[in-house]
Amino acid sequence: MSRVFLGTALAAGLIAVSPFATAQKQVWKASDVHPLGYPNVVAIENMGKKLEKDTNGRISIQMYPSMQLGGEKEMIEQAQVGALQIARVSVGTLGPVVDDLNVFNMPFIFRDEAHMRKVIDGPIGEELLAKVTASPARLIGLGWMDAGTRNVYANKPITKPADLKGLKMRTMGNPLFVETMNAMGGNGVPLGYNELYSALQTHVVDGAENNPPSMLTANHYQVVKVYSLTGHLIIPEMFVFSKVTWDKLSPQDQALVKKHSREVQMEQRELWNKYVGEAEAKLKAAGVQFVTADKAAFFKATQPIRDKYGAKYAALQKRILDTK
Ligand code: BDP
């Protein structure tokens with residue numbers, strides 16, 4: 001086919017190949033388990049506004065917040081088949097899909113949140129996004145988000161591993177977290193985030209672990225009243241794009257999305273910094289008790305997990321630890 005003919009045929013809409021398809025108006029579906037107003041949701045919505053402006057309305061994003069499309073496992077599956085374009089999920093739930101990510105899911109792998117941010121912003125962060133893209137998962141790793149530090153909550157203070165004895169504690173759906181919770185002294189029960197509120201309410205589980213904004217916005221604080229600062233997990237989140245849709249985009253559109261993704265990464269963090277403080281204040285005002293825990297004891301109790309899983313990623317783990 002000559003170039004001239006191809007061009008004419010495309011302009012006439014005779015051939016539905018990708019360059020033509022992308023000239024059409026597209027509304028991408030994005031989803032998040034968190035509600036409107038949550039930093040992650042706001043940052044993706046803002047990306048949608050920028051894309052709309054840059055493309056004169058050709059591309060826009062429709063956000064489906066608050067677990068409207070299910071939990072993160074369901075969101076990942078929808079993105080894999082192209083039913084959803086952007087899924088913002090925890091690396092906790094992505095670990096079982098792209099195994100290399102589990103290096104971030106190990107307890108106490110990061111010294112603190114600043115350390116985690118250094119790692120995701122630098123070459124390791126880039127490499128892991130590329131690993132997702134290159135994996136058979138049919139997802140494109142676009143960028144990272146911050147989710148602070150996860151601490152345990154139940155209806156009693158958990159200051160040391162013995163306090164978790166006999167407690168059923170919800171974890172994200174990843175065997176690594178069940179083992180971690182068991183090593184910390186409790187009984188890990190993997191459940192989707194979308195199942196958690198009712199599981200707490202009906203005492204299917206006695207507690208959970210998460211950051212303060214999640215405990216607040218998912219209403220867990222209405223049922224569980226003591227937040228113990230175990231600091232066992234600092235897990236970043238990722239927003240991924242459906243490869244099915246991505247492959248139909250022009251290189252220009254792909255580059256545009258990539259550029260905005262880095263901006264999302266930086267913008268979400270600013271929003272997060274503010275949001276965490278507000279969430280803590282609201283939890284306290286609602287009667288949630290914040291308790292200091294013996295972090296060193298939990299660190300020690302979880303050493304077998306780092307030994308077991310760390311061996312697989314020894315080189316990467318060393319580079320993470322060496323990131324200053
Ligand atoms: C929240 C994360 C969210 C996870 C949720 C969970 O932002 O991505 O789905 O924890 O525990 O902190 O499932």
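For ligands, and for the atoms within them, numbers begin at 1 and follow the listed sequence.
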*Report yes if some N/O of Y193 lies less than 3.5 Å from some N/O of ligand 1; otherwise report no.*
no

*For N210, is at least one N or O under 3.5 Å away from an N or O on ligand 1?*
yes

*List the closest protein heavy-atom neighbour of atom 2 (C) of ligand 1: residue, atom name, distance to the nearest 0.1 Å.*
E237 OE2, 3.1 Å

*Is it true that A147 lies under 4.0 Å from ligand 1, counting heavy atoms only?*
no

*Could you tell me if any non-hydrogen atom of R150 lies under 4.0 Å from any atom of ligand 1?*
yes

*Give a yes or no on whether K118 atom NZ has more than 12 heavy-atom contacts from other residues, nucleotides or ligands under 6.0 Å away.*
no

*Determine whether the side chain, the backbone, both or neither of L196 has a heavy atom under 4.0 Å from any heavy atom of ligand 1.*
neither

*asked:* Does only the side chain of R170 get under 4.0 Å from ligand 1, or the backbone, or both, or neither? Count heavy atoms.
replied: side chain

*Please collect all salt bridge (charged side-chain N to carboxylate O under 4.0 Å, His left out) contacts where either partner lies in residues 172-197, sequence neighbours excluded, each pair once.*
E179-K308

_K50 with D54: basic N within carboxylate O range, under 4.0 Å_ = no

*Could you label the plane-to-plane angle of the F108 and F299 rings as parallel, tilted or perpendicular, counting under 30° as parallel and over 60° as perpendicular?*
perpendicular

*Is NZ or CZ of R117 both nearer than 6.0 Å to the six-membered ring centre of F110 and within 45° of the ring axis?*
no

